[in-house]
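Chain naming here is simple, since letters A, B, ... match the order of the sequence lines and numbering starts at 1 in each. Note that these values count all heavy atoms, side chains included, but never hydrogens, waters or copies made by symmetry.
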2 protein chains.
Amino acid sequence: MQDKKIRIQDVAAMAGVSVGSASRVLNQAANVSPDVRAKVEHAMAQLEYQPSHTARALRSRSSRTIGCMFSDITNPLYARAFRTLEDAFRADGYMLLLAHGLNDVERELESLRTFQTRGMDGVICAPGHERAPELVALMNSMSMPIVLYDREMPDTRADALLFDHVRGMKDACNQLFAFGHERIALALWNADSRPVRKRIEGYKAAYCAAGMEPPDLILRQPTPTSSVYEDLLRMLEGPAPPTALIAQGTHILVSALRAVARTGRRVPQDFSVVSIGDSDFTQTHDPPITALRTDAELVAAHAKALLLDRLSGRVQIVAPPRTVVAPYALIERASWATRR
Amino acid sequence: MQDKKIRIQDVAAMAGVSVGSASRVLNQAANVSPDVRAKVEHAMAQLEYQPSHTARALRSRSSRTIGCMFSDITNPLYARAFRTLEDAFRADGYMLLLAHGLNDVERELESLRTFQTRGMDGVICAPGHERAPELVALMNSMSMPIVLYDREMPDTRADALLFDHVRGMKDACNQLFAFGHERIALALWNADSRPVRKRIEGYKAAYCAAGMEPPDLILRQPTPTSSVYEDLLRMLEGPAPPTALIAQGTHILVSALRAVARTGRRVPQDFSVVSIGDSDFTQTHDPPITALRTDAELVAAHAKALLLDRLSGRVQIVAPPRTVVAPYALIERASWATRR
DNA sequence: GTGAAAGCGCTAACAC
DNA sequence: GTGTTAGCGCTTTCAC
């Protein structure tokens with residue numbers, strides 16, 4: 001335990017200046033003489049002064065804290081997002097409060113209200129339901145800037161960071177078409193969320209653009225951690241099996257690979273595989289798996305910029321919503337090949 | 001945006017009572033007449049009053065916020081821990097600030113200092129180095145209760161939540177011994193952290209208790225996401241190969257399974273496998289994998305109790321450190337069998 | 001450039 | 001049981 005709580009007055013007293021001057025030094029204000037600055041800084045160091053963040057927040061109306069709400073941090077996608085966000089914001093002295101929405105509107109509302117009450121400077125969130133009216137109403141009533149993480153809520157004033165799922169899916173499909181694959185299975189989580197919607201959109205668009213009818217090869221799982229094993233196995237043993245698969249997320253991918261192996265097919269000789277999302281698993285698998293990958297650092301930088309633009313006044317709080325689109329890169333590895 | 005900021009004075013005025021009474025209602029104080037309570041609550045609802053968390057924190061010296069510091073939230077173990085912790089604390093109106101330590105002492109120090117500055121009511125953390133003197137010194141200088149998450153830092157005043165790795169490893173080894181396996185490989189992350197130390201301790205203790213010399217079958221990986229593929233393959237193709245494996249974490253497990261499959265061994269007929277840590281992967285794998293599992297909810301409840309005991313005064317802030325040991329359960333599945 | 005003083009929104013101590 | 005008042009520790013006018 002430390003001896004006693006040092007206040008800014010103690011610093012000012014020791015430095016022989018006023019509280020105001022000490023405050024100005026603390027806040028890196030411009031109009032401070034080098035002499036005063038030196039004295040104050042010395043006193044601060046001497047006393048091991050630790051300013052009260054709470055008092056500063058109350059007076060300056062800025063908590064330097066960002067509220068984050070994702071459905072579930074055990075989803076590796078969100079864990080990665082959060083980690084890079086924390087890195088990015090930490091550099092500017094911000095910290096992140098993390099809440100779980102669990103795709104439950106009530107819980108999401110509660111979390112967002114807490115962010116409001118606690119005076120978050122900004123919010124980054126990915127609500128489970130983009131059309132929930134209570135959510136839209138609450139978000140529009142909140143006083144801080146909001147960035148949506150891969151969600152479209154056109155009735156809100158929130159900025160959005162969107163992944164280019166359509167482009168990514170088209171790229172993957174087109175290359176598979178070029179390899180001679182015309183029956184591509186698609187394994188996804190069965191949610192009515194933007195990522196899933198847009199991936200299916202891109203998948204169908206790719207087929208249409210190639211002059212083909214999109215086949216009935218979409219597998220939708222109840223949760224992101226479901227097993228696609230049984231369904232894919234049935235499909236592979238059916239009359240018109242796919243010759244390639246695009247799968248979202250590690251769990252679905254792993255169980256899909258098991259099903260493929262079970263039928264005696266080898267990757268990539270007999271069957272091509274593409275992962276939506278890159279991970280240690282895709283990279284270290286044998287063979288390494290071709291993946292659609294996003295640049296988490298870049299995404300975090302975008303999210304931070306969207307928020308800080310508004311916080312700094314570079315962009316008016318009331319200015320219309322802005323959108324940043326983040327691309328997918330197609331990382332080509334050994335899990336796909338020309339159809340034999 | 002909402003029209004204007006409602007303060008507690010507005011509520012009091014509308015209810016026709018003093019701010020003191022309004023505050024008492026807000027804080028669920030006992031000595032408030034039902035009449036006043038009703039009037040205040042009505043006014044609050046009417047005005048959609050949202051109390052300023054910052055002002056309450058400043059005045060009451062409690063932020064109702066817990067600082068969490070784990071090495072990396074992308075580690076599924078910590079993601080799961082954080083999720084259950086957030087659940088547990090949310091029920092009591094606490095929120096969690098999450099920082100990454102990345103096993104970097106400088107960064108850990110910075111995070112902990114921030115927790116102090118920001119007036120966290122408590123801290124839950126798992127520093128990468130249990131003996132770093134600066135860390136010990138800083139933790140002892142901090143004014144809020146601290147709970148260590150599976151770390152032993154005897155020179156600090158922090159409470160600790162410890163997993164019973166030794167017991168867990170002994171249980172797994174003993175059953176494998178009973179199955180006739182005498183050469184058990186152990187694949188771990190190569191850190192000098194409590195979990196790894198204790199697992200090796202339990203492994204060796206099990207061998208000694210069974211009257212055997214611990215074999216030289218421990219594989220240590222540079223990171224928790226490394227591949228153990230090459231090393232295990234070499235071991236399996238060597239002169240005295242293991243007949244069973246205990247592996248820590250999904251990544252190491254996945255690459256180990258690949259190596260086993262590569263040598264033509266089948267699980268469990270030719271080779272038994274145990275996972276340290278249970279996950280969707282171990283449960284949905286074919287065959288399902290025997291796992292050492294902890295009860296995340298129970299662990300979170302323990303951590304919360306350790307902290308809240310001190311915050312509520314049930315346990316003195318200065319009372320000596322306490323320790324809670326969380327057991328591992330051995331979930332027996334089809335990935336192990338009698339040696340043939 | 002610096003000091004004095006007001007007050008951010010609330011709780012707690014003390015009257016009554 | 002309720003009202004009044006003094007701060008929590010800091011930033012921010014506003015004089016000078």
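- For A:Asp309 and A:Lys304, the salt-bridge test fails: no basic side-chain N is under 4.0 Å from an acidic carboxylate O.
- For A:Leu58 and C:dC10, the CG to C1' distance is 8 Å, given to the nearest whole Å.
- Set against C:dT2, C:dG9, D:dT11, the side chain of A:Ser60 has D:dT11 as its closest nucleotide.
- Ranking C:dT2, D:dT11, C:dC10 by closeness to the A:Asn27 side chain, first place goes to D:dT11.
- Here C:dG3 is the nucleotide among C:dG9, C:dG3, C:dG1 with the atom lying nearest to any side-chain atom of A:Ser21.
- Checking the phosphate oxygens (OP1, OP2) of D:dG9, no side-chain nitrogen or oxygen of A:Tyr49 falls inside 4.0 Å.
- Between the NZ atom of B:Lys5 and the P atom of C:dG9 there is a distance of 8 Å, given to the nearest Å.
- Contact check on B:Arg64 versus B:Asp121 returns no salt bridge, with no Lys/Arg side-chain nitrogen under 4.0 Å from an Asp/Glu carboxylate oxygen.
- The side chain of B:Ser33 places an N or O atom within less than 4.0 Å of a non-bridging phosphate oxygen (OP1 or OP2) of D:dT2.
- Not one side-chain nitrogen or oxygen of B:Ser52 sits closer than 4.0 Å to the OP1 or OP2 atom of C:dG9.
- Using a 4.0 Å heavy-atom criterion, one finds that A:Val19 contacts the bases of the nucleic acid, with or without backbone contacts as well.
- Rounded to an integer number of Å, the gap from CZ of A:Arg56 to C1' of D:dT11 is 9 Å.
- When every heavy atom of B:Leu306 is checked against every heavy atom of B:Ala160, the shortest pair comes out as CD1-O, 3.9 Å.
- Side chain of B:Arg59, nearest nucleotide from D:dC8, D:dC10, C:dG3: D:dC8.
- In this structure, B:Leu26 places its CG atom 11 Å from P of C:dA12, rounding to the nearest Å.
- Between the CG atom of B:Asp10 and the C1' atom of C:dG9 there is a distance of 11 Å, given to the nearest Å.
- Note on B:Ser23: a base of the nucleic acid sits closer than 4.0 angstrom, heavy atoms only.
- Here the nucleotide nearest the side chain of B:Arg24, chosen from C:dT2, C:dA13, D:dC10, is C:dA13.
- Here D:dC8 is the nucleotide among D:dT2, D:dC8, C:dG3 with the atom lying nearest to any side-chain atom of B:Arg61.
- Remark: C1' of C:dC10 and NE2 of B:His53 are 12 Å apart, rounded to the nearest angstrom.
- The distance between atom CD1 of B:Ile6 and atom C1' of C:dC8, rounded to the nearest whole Å, is 16 Å.
- Mapping B:Asp35 and A:Gln9 onto DNA chain D via the closest heavy atom, the residue that lands nearer the 5' end is B:Asp35.
- Between A:Phe163 and A:Tyr149, the distance from one ring center to the other falls under 6.0 angstrom.
- Atom CG of A:Leu47 is separated from atom P of D:dG9 by 15 Å (rounded to the nearest Å).
- Between the side chains of A:Thr65 and B:Arg118, at least one donor-acceptor pair of N or O atoms lies under 3.5 Å.
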